[in-house]
Amino acid sequence: MAKEIKNRDENYSEWYNNLVIKADLAENSAVRGCMVIKPYGYAIWEKMQAELDRRFKETGHVNAYFPLFIPKSFLSREAEHVEGFAKECAVVTHHRLMSDPEGKGLVVDPDAKLEEELIVRPTSETIIWNTYRNWIKSYRDLPILCNQWANVVRWEMRTRLFLRTTEFLWQEGHTAHATAQEAMEETRRMVDVYASFAKEIMSLPVWTGPKTASERFAGAVETLCIEALMQDGKALQAGTSHFLGQNFAKAFDVQFANREGKLDYVWATSWGVSTRLMGALIMAHSDNNGLVLPPKLAPIQVVLVPIYKGEEEMGAICSHLQDLNDRLQKMGLSVKLDNRDNVRSGFKFSEWEVKGVPVRIAVGPRDVQNGTVEVARRDTLEKQILPLERIEETVVALLKEIQDNIYMKALDFRSRNTFEINSYDEFRERIEDGGFFLCHWDGTAETEAKIKEETKATIRLIPEREDPRPGKCMYSGKPSAQRVVFARAY
RNA sequence: CGGGGUGUAGCGCAGUUGGCUAGCGCGCCACGUUCGGGACGUGGAGGCCGAAGGUUCGAGUCCUUUCACCCCGACCA
């Protein structure tokens, strides 16, 4: 394994793709740019879903579902929105096939052409706001706090497993509010939900803050985001929360009678995270032995591996392990007893390491005799012999420690790769090695575009600081209110 | 959409200037020996050589077309 997964100084794409496949998470499908998420990978996504959903409910949201297809005319209602998405839409033009008159399989039936083409949703703002128009008449109907779990399609030129697939799974929250302030608070609330989810569940430290105007969501007034640093030094946008102002309400004519009895347009937000989070998880924590999963997302938290010679010894050890299995399960842990007899224990060790199982417990005849177990942790690869007595409490504590340690490791990595730079020459040189760069910027789109053109680095976000220190733009020398975060990004 | 690369067994690959019966490693199946960090031996199964067309006595190999995937760009909440 170690020789197959390369470190980040070599070809990272190879490292990453290889890891995804070796860890049994996903593979390319027959369909361009799409991926098959395999059972082990999907189990991780399900855990993410469950935890996010819990947090959405906690903040007063409910789930709903809207159609996959969007009439083409809907998309064009909001000028910036159509501008942003038109180039990457899959379009349904017909609804029927027929056998080829020339005998070459199936062809589209020209008589089945749709009156109005349908777009496969790249995001659902338009169809949802078209629906909300009917739901909202009065301020008493507000707020609407809906989320949907869905798939979306964006026909990007270039795809990457988990990070940018043609079809991906996500959740999109769409809320409607009576006031701008309330909508802005919602935008903030949800980006904070994402940030705490990243930290507490994914062990992933993120920066939080607004995007610059040029990096905003198409149709948004303000975009807040969480940004994480991957081990190859590139940034990854892991989630966004948009304040949409009244743009969509105006485009879809969603007005309500306010407390004063006057008609006003509704204020909107939308926010989402996707299976890209899986990519973040993989790229932030993995090492040369494979995937490293934080316990809270690991489909299997503890794997039990028997070490034995011969059948009767295996029987004895497995019944011993079955007992341990039950004790651990009673603690609410997800445990796997690997009693396969066609592979040896050394093979199992490697395999579960590649899959990122946080804790492995091995038991052999020696342990049975001594009343001990061998406990190995995935994050540090350390092993120790521990007494079997009260082992379930030890393991619960260890899982918590691993969860924290993975976070600390990622945080430490980020700190070591975050730099304050003042000179543009130095910036150009250092950006090659990756990392986050805190630099002064004059606030103009021109400077931002120039820097992007010359260095491929973009402004990931404008960090929210209690005491923003002014300075001079590293590029133009003009005054700058505060440092912003530059990085090369996926 | 441009540049480069790859399609041969489940996976990873070799296959020379066209040549006769298409190979290797891993995995799989059977048996035996093993078993505290990816075991070994012996035997066996597994192929429309990405697809279509062409050149030829003969094509995995040459030509044309096409499809898919990977990498680098362009593009991208």
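Per chain, numbering begins at 1; letters A, B, ... match sequence-line order.
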Is the shortest side-chain heavy-atom distance between A:R488 and A:E432 below 4.5 Å?
yes
Measure from NZ on A:K348 to P on B:rG37 and round the result to the nearest Å.
14 Å
If the plane angle is over 60° it's perpendicular, under 30° parallel, otherwise tilted; pick one for A:F248 and A:F252.
parallel
Just the rounded figure in Å: distance from C1' of B:rA74 to CZ of A:R164.
12 Å
To the nearest Å, give me how far apart CG (A:N342) and C1' (B:rA30) are.
14 Å
Whole angstroms only, please: what is the CD1-P distance between A:I361 and B:rG36?
19 Å
Using a cut-off of 4.0 Å on non-hydrogen atoms, how would the nucleic acid contact of A:E374 be classed: base, sugar-phosphate, or nothing?
base
Nearest-Å distance, CG (A:N18) to P (B:rC71)?
12 Å
When the C1' atoms of B:rA9 and B:rC48 are compared, how many Å lie between them, rounded to an integer?
13 Å
Is any NZ, NE, NH1 or NH2 atom of the basic residue among A:R189 and A:E186 found under 4.0 Å from an Asp or Glu carboxylate oxygen of the other?
yes
Restricting to side-chain contact (heavy atoms from CB on, under 4.5 Å), what partner residues turn up for A:A213, sequence neighbours left out?
A:R216
Ignoring hydrogens and geometry beyond distance, is a side-chain donor-acceptor pair present between A:T131 and A:R133 at under 3.5 Å?
no
Heavy atoms of other groups near A:E429 CD, more than 12 under 6.0 Å
no
Whole angstrom value for the distance that separates P of B:rC76 from CD of A:Q237
13 Å
Considering only the C1' atoms, how many Å lie between B:rG36 and B:rG25, rounded to the nearest integer?
28 Å
Let me spell it out: for each of A:V368 and A:K211, pick the nucleotide of RNA chain B with the closest heavy atom. Which residue's pick is nearer the 5' end?
A:V368
Under 4.0 Å, heavy atoms only, any strand: does A:W271 hit a base, just the sugar-phosphate, or nothing?
nothing
Gap in Å between the two C1' atoms, one belonging to B:rG7 and one to B:rG60, rounded:
12 Å
Walk me through whether A:R55 and A:E51 qualify under salt bridge (charged side-chain N to carboxylate O under 4.0 Å, His left out).
CA-CA 6 Å; A:R55 287 162 191 248; A:E51 184 58 39; 2.9 Å; yes
I want to confirm an ordering. Mapping A:V343 and A:V152 to their closest nucleotides on RNA chain B, which one lands closer to the 5' end?
A:V343
If we take the P atom in both B:rG53 and B:rA45, what is their distance in whole Å?
32 Å
Contact class for A:G219 (heavy atom, under 4.0 Å): base, sugar-phosphate, or nothing?
nothing
Can you name the one residue among A:H81, A:E80, A:K211 that meets side chain to side chain contact (heavy atoms under 4.5 Å, CB included) with A:F217?
A:H81
Could you work out the separation of B:rU6 and B:rC49 based on their C1' atoms and round it to a whole Å?
14 Å
How would you label the contact of A:T123 with the nucleic acid (heavy atoms, under 4.0 Å): base, sugar-phosphate, or nothing?
nothing
Please, which pairs that meet side-chain hydrogen bond (donor to acceptor under 3.5 Å, both in side chains) have at least one residue in residues 32-44 of chain A, sequence neighbours excluded?
A:D24-A:K38, A:R32-A:T166
Paired runs of 3 or more consecutive Watson-Crick or G-U pairs involving RNA chain B, with both pairing distances under 3.5 Å, are B:1-7 with B:67-73, B:10-13 with B:23-26, B:28-33 with B:39-44, B:50-54 with B:62-66
Between B:rG37 and A:R360, counting only base atoms on the nucleotide and side-chain atoms on the residue, is there a donor-acceptor pair under 3.5 Å?
yes
Considering only heavy atoms and no angle criterion, is a donor-acceptor pair shorter than 3.5 Å present between the side chain of A:E353 and the base of B:rG37?
yes
Carboxylate-amine/guanidinium contact A:R121 A:E172, below 4.0 Å:
no
Would you mind telling me which of B:rC35, B:rG73, B:rG38 lies closest to the side-chain atoms of A:S350?
B:rG38
Distance check, P atoms only: B:rG15 and B:rU61, in whole angstrom units.
14 Å
Strictly below 4.0 Å, heavy-atom distances to any atom of RNA chain B: list the hits from residues 87-94 of chain A, or just say none.
A:K87, A:E88
Is the ring centre of A:F56 less than 6.0 Å from the ring centre of A:W271?
yes
So which protein nitrogen or oxygen atoms get under 3.5 Å of nucleotides 3-13 of chain B's nitrogens or oxygens?
none

If the C1' atom of B:rG58 is compared with that of B:rC67, how far apart are they to the nearest Å?
28 Å
Taking atom C1' of B:rC69 as reference, at what distance in whole Å does atom CD1 of A:I21 sit?
11 Å
What distance, rounded to whole Å, do you find between the two C1' atoms, one in B:rG2 and one in B:rA74?
8 Å
Report all side-chain donor-acceptor pairs from residues 240-247 of chain A shorter than 3.5 Å, counting only partners two or more places apart or in another chain.
| unit_1 | atom_1 | unit_2 | atom_2 | d |
| --- | --- | --- | --- | --- |
| A:T240 | OG1 | A:H242 | NE2 | 3.3 |
| A:S241 | OG | A:T187 | O | 2.7 |
| A:H242 | ND1 | A:T223 | OG1 | 2.8 |
| A:Q246 | NE2 | A:D264 | OD1 | 3.2 |
| A:Q246 | NE2 | A:Y265 | O | 3.0 |
| A:N247 | ND2 | A:G219 | O | 3.0 |

Base B:rG37 paired with A:K383 side chain (donor-acceptor, <3.5 Å):
yes
Atom CG of A:N28 and atom C1' of B:rG50 are separated, to the nearest Å, by 16 Å
OP1 or OP2 of B:rG36 versus the side-chain N and O atoms of A:R366: is any pair under 4.0 Å?
no
Donor-acceptor side-chain pairing of A:Y490 and A:D232 below 3.5 angstrom:
yes
Is the base of B:rC48 syn or anti, where syn means the angle lies within 90° of 0?
syn
Determine whether more than 12 heavy atoms belonging to other residues, nucleotides or ligands lie under 6.0 Å from atom NZ of A:K72.
no
Tell me what A:P365 touches on the nucleic acid: a base, only sugar-phosphate, or nothing, going by heavy atoms under 4.0 Å.
base
For A:G272, answer base if it contacts any base atom (sugar-phosphate contacts may also be present), sugar-phosphate if it contacts only those atoms, and nothing otherwise; contact means non-hydrogen atoms under 4.0 Å.
nothing
